[in-house]
Amino acid sequence: MPKLLSQLVYPADVPKYRRTTYNNNWCLLTKGTGRLLLLAGDQRMEHLNNDFWGSNIDPADNNPEHLFQIAAHAPIGALAVHYGLASRYGHSYRHLNYVIKLNGKTNLINDDPDSHLLATIDQTIELSKEAGFRLVGVGYSIYPGSRYEPRMLAEASQIIIEAHDNGLPVILWIYPRGGKVKNEDDVSLIAGAAGLAVSLGADFVKVRAPRPLTVKNIQRVVEAAGLTKVIFAGGAATAYDKLLRDISLEIKGGSAGVAIGRNIHQQSLKEASRRLQILSALIYEHKTLSQVAKSVNRGRSQHNSKEQ
Amino acid sequence: MPKLLSQLVYPADVPKYRRTTYNNNWCLLTKGTGRLLLLAGDQRMEHLNNDFWGSNIDPADNNPEHLFQIAAHAPIGALAVHYGLASRYGHSYRHLNYVIKLNGKTNLINDDPDSHLLATIDQTIELSKEAGFRLVGVGYSIYPGSRYEPRMLAEASQIIIEAHDNGLPVILWIYPRGGKVKNEDDVSLIAGAAGLAVSLGADFVKVRAPRPLTVKNIQRVVEAAGLTKVIFAGGAATAYDKLLRDISLEIKGGSAGVAIGRNIHQQSLKEASRRLQILSALIYEHKTLSQVAKSVNRGRSQHNSKEQ
Amino acid sequence: MPKLLSQLVYPADVPKYRRTTYNNNWCLLTKGTGRLLLLAGDQRMEHLNNDFWGSNIDPADNNPEHLFQIAAHAPIGALAVHYGLASRYGHSYRHLNYVIKLNGKTNLINDDPDSHLLATIDQTIELSKEAGFRLVGVGYSIYPGSRYEPRMLAEASQIIIEAHDNGLPVILWIYPRGGKVKNEDDVSLIAGAAGLAVSLGADFVKVRAPRPLTVKNIQRVVEAAGLTKVIFAGGAATAYDKLLRDISLEIKGGSAGVAIGRNIHQQSLKEASRRLQILSALIYEHKTLSQVAKSVNRGRSQHNSKEQ
Amino acid sequence: MPKLLSQLVYPADVPKYRRTTYNNNWCLLTKGTGRLLLLAGDQRMEHLNNDFWGSNIDPADNNPEHLFQIAAHAPIGALAVHYGLASRYGHSYRHLNYVIKLNGKTNLINDDPDSHLLATIDQTIELSKEAGFRLVGVGYSIYPGSRYEPRMLAEASQIIIEAHDNGLPVILWIYPRGGKVKNEDDVSLIAGAAGLAVSLGADFVKVRAPRPLTVKNIQRVVEAAGLTKVIFAGGAATAYDKLLRDISLEIKGGSAGVAIGRNIHQQSLKEASRRLQILSALIYEHKTLSQVAKSVNRGRSQHNSKEQ
Amino acid sequence: MPKLLSQLVYPADVPKYRRTTYNNNWCLLTKGTGRLLLLAGDQRMEHLNNDFWGSNIDPADNNPEHLFQIAAHAPIGALAVHYGLASRYGHSYRHLNYVIKLNGKTNLINDDPDSHLLATIDQTIELSKEAGFRLVGVGYSIYPGSRYEPRMLAEASQIIIEAHDNGLPVILWIYPRGGKVKNEDDVSLIAGAAGLAVSLGADFVKVRAPRPLTVKNIQRVVEAAGLTKVIFAGGAATAYDKLLRDISLEIKGGSAGVAIGRNIHQQSLKEASRRLQILSALIYEHKTLSQVAKSVNRGRSQHNSKEQ
């Protein structure tokens with residue numbers, strides 16, 4: 001069997017004089033481990049108020065600042081938000097690492113999904129300088145299967161080229177939807193999304209976890225992504241210990257980590273921080289599920305008592 | 001409970017050398033109170049002649065200058081009009097504060113709503129200099145749910161970035177419509193629009209008032225907007241004392257004020273001025289409804305006698 | 001009642017160093033009266049051959065030069081043609097005043113009407129210099145109600161800003177069509193079009209005459225246009241004395257004049273010239289219908305004898 | 001009756017320092033006669049392989065070079081091909097006059113026809129210099145009635161302005177299709193296309209011949225084009241003597257010539273050359289049909305003997 | 001019969017100072033033979049995971065690097081991949097010749113196919129310099145019959161002009177689909193695609209092999225492409241000896257070679273290398289099928305034993 005590339009390989013379109021910048025951003029995102037725990041805050045635009053208010057949601061979550069408070073109290077790799085939210089809160093929370101999600105849309109559209117660039121990379125870099133926060137990467141969403149897919153693929157490709165030219169890693173959110181897509185959880189579809197990400201030259205790709213969730217399916221997805229790292233979506237709010245078992249299995253299959261939103265920000269600041277500490281232990285410290293079990297159990301009992 | 005940001009926070013994309021300009025515009029708009037009474041004159045394009053002629057409408061309203069006459073006689077924060085109206089009347093009414101509404105459309109289209117940029121920010125600033133009036137902000141409308149939403153979100157984002165770069169606050173008009181929108185008065189939908197506004201980095205957002213109109217619903221919307229200030233639409237022409245009760249309640253819930261059009265310009269110059277003085281007392285002077293009651297009653301009796 | 005603006009007010013986006021140019025063009029168009037008799041020659045593109053050949057049409061009309069011959073023999077304010085026609089005939093008829101109609105389409109499209117810019121203002125000014133003719137204004141058509149309305153509104157707004165920057169008055173052709181439009185002759189709709197024109201900052205707006213044609217309806221439309229002057233379309237070819245009565249009534253209601261095409265160019269050169277002289281007397285010389293009656297009768301008897 | 005323009009009139013947007021260039025190109029195209037015999041080779045893109053292979057088609061026609069061979073052996077005004085074909089064969093056949101057809105599409109589309117610019121005028125001029133051939137004009141196709149008509153009208157107008165600025169005559173191909181078009185052979189429709197061409201400022205317009213084909217109908221079309229010269233399409237392959245009678249009649253009606261493709265290139269090199277010599281005699285030498293009859297008869301007998 | 005061009009003719013839009021570059025690239029692609037064996041790796045985007053995982057596919061194929069490993073072990077003309085894949089693996093496999101496929105889409109779209117430019121030619125050249133690999137050409141896909149055809153034709157034309165300006169040969173992938181296309185294997189349709197390629201000025205065109213696959217049909221396609229070289233698609237995975245017979249017949253008909261993907265990369269590294277060596281012998285060394293038969297048989301027996 002041939003020897004395959006396994007170490008960090010710089011994308012060739014990161015110019016040599018930007019490699020230090022790229023390497024620094026990569027190390028901040030991954031804490032030097034090649035893995036990533038990303039706290040996702042883009043749903044305030046993507047899902048509107050539905051994710052932030054309701055019977056099982058902590059009232060604090062209705063305020064956009066809740067997310068920044070959580071990020072300030074947890075060992076995440078970076079906080080992913082849109083430009084506007086960063087322009088409003090970024091200078092008050094300037095000690096965080098930011099990934100700016102460059103495009104966005106709401107969930108109200110009946111039409112095929114399309115998502116346009118809200119801010120350019122130059123504007124995003126300028127914002128980080130004015131606000132004084134650390135910009136460690138940028139994000140972009142693609143919806144393969146939509147009739148706007150070709151436009152989004154082209155825009156994503158240009159974003160990746162320009163980000164690399166500035167030493168910034170890129171995380172693609174890829175959600176096949178509509179068109180010929182029948183089952184969004186299908187492993188073949190998700191492995192295809194992973195292959196699309198590497199064909200575009202992305203550094204990370206965030207995809208749904210395939211169902212059934214098996215180590216073999218995870219491996220297939222991770223391998224299809226080649227040198228692009230795969231992180232999985234935390235998905236809809238579920239029982240947290242179930243989620244931890246899933247993430248643990250994903251890591252076993254080769255996943256580089258997780259992008260998580262609702263399962264965190266819908267909690268109180270304290271519980272959210274605790275959950276992120278467990279995730280950080282799993283992802284960045286290579287702890288096993290049993291090693292973090294005590295924390296999990298303590299959290300569950302607290303959570304249950306709150307729900308009563 | 002964590003300490004949240006509450007004071008005026010400069011958007012980080014207002015460069016430091018523009019902060020004085022931004023602060024001056026903010027103070028003119030809000031009279032230093034953080035609140036806003038906006039007289040809206042964009043309906044001459046948006047609603048065509050329907051709002052300006054009819055059995056309950058003062059004949060003076062048919063002439064576009066009526067609006068400027070009212071603005072010249074009332075303690076408003078600013079007058080919101082399109083570029084063209086300002087190019088025609090702005091130098092003759094140069095002592096007013098202007099918010100230029102940058103995009104627009106008519107109400108004749110069957111298709112999903114779309115609204116394009118009519119004038120750039122540079123052109124708008126140039127106009128204000130040539131005409132000699134005070135430009136204190138710009139406005140832009142978004143229709144989430146329309147299949148043109150992605151284009152409008154991107155254009156709005158660029159407008160906000162460019163306006164802030166020039167020290168100008170931005171007011172977003174956000175009207176979810178079409179697509180998956182079922183009830184335009186739903187509090188969850190309107191709180192979502194507020195969250196969208198802050199995700200885009202807006203300074204103010206104008207939304208419909210949620211129904212049922214309760215302090216709790218207002219609070220939910222205002223909180224979801226975070227550091228973006230919420231002003232509510234005056235809505236269709238209704239009994240004025242009913243409207244005052246609504247606005248009073250909205251302010252109690254945390255609203256920063258109101259954008260009002262038809263309830264003002266459809267009146268005679270005298271009655272319109274009186275109404276705006278009451279609103280100014282409620283919004284800028286923090287008067288209560290009972291404190292302004294005498295004026296209200298006097299106005300109602302006058303109004304009734306006119307209708308006989 | 002408040003004092004309203006009534007004198008010529010320069011649009012604020014005409015820079016001070018262009019006011020002389022703007023004033024000169026305005027005076028050429030209106031012969032210093034504030035009124036306008038516009039000979040419209042854009043139908044060769046808009047209506048193709050239908051308006052230029054047929055049983056009641058003088059055979060000379062089939063040749064595009066007929067229009068220029070008429071314009072050369074009549075006291076009109078300006079001749080409105082597309083760029084291409086002006087590039088072909090303008091230097092041979094360089095003593096005429098020209099309004100270049102900047103956009104255009106044919107009448108063959110089933111789709112919602114859309115009309116794109118054919119030549120820029122810079123190209124149009126350059127043409128007038130090369131050809132040596134007087135460019136006194138530019139024109140642009142909008143079709144509110146079409147799904148392409150937002151694009152056309154934005155393009156029209158940019159045209160007005162750029163034309164004013166060059167000292168050129170702008171005439172908007174506004175034809176609400178499709179969408180929610182039920183009756184194109186409705187006074188409310190036409191008054192709305194007039195309000196749209198002033199919201200865009202136009203100098204003149206050409207609209208259909210409202211039906212029923214009463215002084216009150218004309219006044220409503222004219223007042224809704226504010227500082228934008230209203231001229232009415234001559235409409236389809238009709239009995240000429242009927243048309244003169246209509247125009248006389250429109251002027252009584254405050255109209256600034258007429259844009260006329262088919263009723264003129266479908267006639268012989270001699271009859272067309274005679275008709276334009278009568279219109280000029282009504283519009284520019286403030287003559288009454290009875291004062292011009294002798295000419296009208298003479299023309300009618302001649303016309304009848306031709307038809308026998 | 002007024003005196004009309006009849007001599008060559010320079011389009012006013014040909015700058016004075018380009019008039020010599022324009023005049024030279026005009027003289028090469030028309031051999032100083034004001035008439036044009038254009039050999040059309042754009043069908044290899046427009047009609048794909050259908051026009052170049054079949055039972056009545058000479059096998060040589062399948063090779064794109066056949067067209068250039070014919071052009072090299074015949075007294076045509078110019079050869080019209082797309083940029084790509086000229087980039088491949090133009091330097092090997094550099095003694096020909098070329099008209100580059102700037103836009104193009106295939107016949108496979110079900111949608112309304114649209115045809116985009118394939119090469120700019122600057123690129124085309126650059127190509128002619130690199131290849132060393134004579135560029136004597138450019139061509140552009142418009143499909144009025146298509147929902148893409150407005151885009152094509154605008155692009156055509158810009159092409160004409162830019163071509164004239166470079167001293168290049170423009171030939172418009174105008175094919176009304178779809179939309180409200182019922183009969184593509186209708187004289188009123190074709191006269192409308194001619195009027196559209198002059199409204200855009202074209203130098204030549206290629207249209208279908210009207211049916212019934214009478215001198216009166218031809219005159220109507222030619223007159224409606226004003227200073228734009230009309231050439232008719234050769235149409236589908238038909239009996240050649242029938243075609244010659246048609247062309248002779250068209251010239252009698254005032255046509256400036258013909259654009260011919262299939263009736264020529266589907267023949268052997270020898271027969272194609274002979275046919276073009278007859279056409280050249282009719283068009284450029286003002287010969288009558290009877291004067292060229294001997295050649296025609298000789299050709300027909302040869303052709304018949306080949307078909308046996 | 002006239003003498004036709006047969007030697008390599010430089011496209012006229014390759015400037016004289018770029019001819020050495022163009023010639024070098026051409027020689028690398030064709031090994032000086034005018035023929036081309038292209039290993040296609042664009043399906044990871046175009047076909048997603050379907051082509052890389054399954055019961056008859058070697059497990060190694062799921063990893064994108066498998067393709068580069070194969071290319072490193074085989075005498076191909078070039079490897080065709082998208083920009084992103086080259087940015088990830090190109091510097092680690094810098095001794096290969098690369099053709100960068102400039103546009104792309106997935107197979108999930110129900111809408112008419114459209115494929116946008118992912119990276120410009122300048123970006124692609126810059127990448128090759130940074131990564132240190134040999135860029136010997138670029139590729140672009142067109143889908144005639146799609147309603148996006150006109151946009152793709154125009155983009156392809158611009159790509160060819162710009163590539164030639166940089167001394168790069170262009171390979172067009174042309175797949176007529178949708179619209180009036182009934183049989184994608186029809187020889188007339190494929191000959192039309194070949195004619196389209198030369199009309200756009202392409203250096204190579206990749207089309208489907210016509211069915212029935214006869215020398216005559218191949219000759220018709222090759223001849224219709226004129227000076228553009230024709231290579232045929234390897235098509236879906238089939239029995240390899242059947243494929244070799246097809247390719248041998250295509251070469252007999254004048255084909256310049258083959259673009260092959262699935263039949264290679266779905267094999268193990270060893271078998272893939274062996275297959276490419278056979279193809280190289282057929283294409284570049286002008287060997288006959290019988291001359292390479294021993295290798296074929298050895299391969300088949302190995303392959304069969306693997307499948308048991």
Side-chain angles (χ1 to χ4, degrees), chain C residues 41-54 59-60 62-66 68-70 72-73 81-94 103-120 123 126-133 148 268-269, chain D residues 1-5 9-16 112 142-158 160-162 164-165 176-181 186-203 219-228:
Chain C
D42 56 327
Q43 296 100 335
R44 199 165 288 272
M45 182 180 291
E46 307 285 346
H47 296 177
L48 297 179
N49 202 233
N50 303 338
D51 283 5
F52 302 93
W53 182 276
N62 192 46
N63 190 319
E65 195 175 345
H66 182 56
F68 291 85
Q69 294 260 347
I70 294 170
H73 288 81
V81 289
H82 284 108
Y83 175 100
L85 221 50
S87 80
R88 285 284 158 188
Y89 294 93
H91 38 355
S92 302
Y93 292 87
R94 70 167 60 102
N103 64 342
K105 61 164 199 59
T106 78
N107 57 3
L108 295 176
I109 306 179
N110 274 331
D111 199 17
D112 280 15
D114 193 10
S115 187
H116 284 227
L117 200 65
L118 301 173
T120 67
Q123 290 169 336
E126 185 63 23
L127 176 69
S128 72
K129 288 179 182 165
E130 287 285 345
F133 63 68
Y148 303 111
S268 69
L269 173 57
Chain D
M1 191 180 140
K3 181 166 160 272
L4 296 177
L5 297 167
V9 181
Y10 287 103
D13 48 5
V14 175
K16 286 179 187 59
D112 279 17
I142 304 173
Y143 301 88
S146 162
R147 62 190 169 105
Y148 303 112
E149 174 204 296
R151 199 199 63 73
M152 288 185 278
L153 288 190
E155 198 165 77
S157 181
Q158 287 301 306
I160 292 170
I161 292 171
E162 194 179 341
H164 285 174
D165 195 45
R177 195 170 294 172
K180 290 171 186 153
V181 176
D186 178 57
V187 63
S188 176
L189 183 73
I190 293 169
L196 175 59
V198 69
S199 294
L200 289 167
D203 301 278
Q219 284 173 332
R220 178 174 167 192
V221 171
V222 168
E223 188 182 51
L227 294 175
T228 298

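In this text, all values refer to a predicted model and were calculated from it rather than measured experimentally. Throughout, protein chains are lettered first and strands after them, A, B, ... in sequence-line order, and every chain is numbered starting at 1.
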Student: Show me the side-chain donor-acceptor pairs of residues 190-203 of chain D shorter than 3.5 Å, one per line, residues at least two apart or across chains.
Tutor:
{"unit_1": "D/Ser199", "atom_1": "OG", "unit_2": "D/Gly195", "atom_2": "O", "d": "2.9"}
{"unit_1": "D/Asp203", "atom_1": "OD1", "unit_2": "C/Arg88", "atom_2": "NH2", "d": "2.4"}
{"unit_1": "D/Asp203", "atom_1": "OD1", "unit_2": "D/Tyr22", "atom_2": "OH", "d": "2.3"}
{"unit_1": "D/Asp203", "atom_1": "OD1", "unit_2": "D/His164", "atom_2": "NE2", "d": "3.4"}
{"unit_1": "D/Asp203", "atom_1": "OD2", "unit_2": "D/His164", "atom_2": "NE2", "d": "2.7"}
{"unit_1": "D/Asp203", "atom_1": "OD2", "unit_2": "D/Val170", "atom_2": "N", "d": "2.8"}

Student: Which heavy atom in D/Ala12 sits nearest to a heavy atom in C/Leu127, and how many Å separate them?
Tutor: CB-CD1, 3.7 Å

Student: Chain C heavy atoms under 4.5 Å from D/Arg220: which part of the residue, side chain, backbone, both or neither?
Tutor: both

Student: Tell me, for C/Pro59 versus chain D, whether the close heavy atoms (under 4.5 Å) come from the side chain, the backbone, both or neither.
Tutor: backbone

Student: Out of D/Gly145, D/Pro15, D/Gly178, which one racks up the most heavy-atom pairs below 4.5 Å with chain C?
Tutor: D/Gly145

Student: How about C/Lys129: does its NZ atom have over 12 heavy atoms from other parts shown lying under 6.0 Å from it?
Tutor: no

Student: Can you give me the closest heavy-atom contact between D/Pro144 and C/Leu108, atom names plus distance?
Tutor: CB-CD1, 3.8 Å

Student: Please give me the minimum heavy-atom distance between C/Asn49 and D/Ser188, naming the atom from each residue.
Tutor: CB-O, 3.4 Å

Student: Can you sort out the partners of C/Phe52 under ring-ring contact (aromatic ring centres under 6.0 Å, His included), two or more places apart, ordered by chain and number?
Tutor: C/His265

Student: Locate the shortest heavy-atom distance separating D/Leu227 from C/Tyr89; write the atom from each residue and the value.
Tutor: N-OH, 3.0 Å

Student: Can you tell me which portion of C/Leu117 sits under 4.5 Å from chain D's heavy atoms? Options are side chain, backbone, both or neither.
Tutor: backbone

Student: With only heavy atoms counted, which part of C/Asp112 is less than 4.5 Å from chain D, the side chain, the backbone, both or neither?
Tutor: neither

Student: Counting heavy-atom pairs under 4.5 Å with chain D, which one of C/Gly84, C/Gly90, C/Gly54 comes out on top?
Tutor: C/Gly84

Student: With a 4.5 Å cut-off on heavy-atom pairs, point out which of C/Pro64, C/Ala131, C/Ala119 contacts chain D the most.
Tutor: C/Pro64

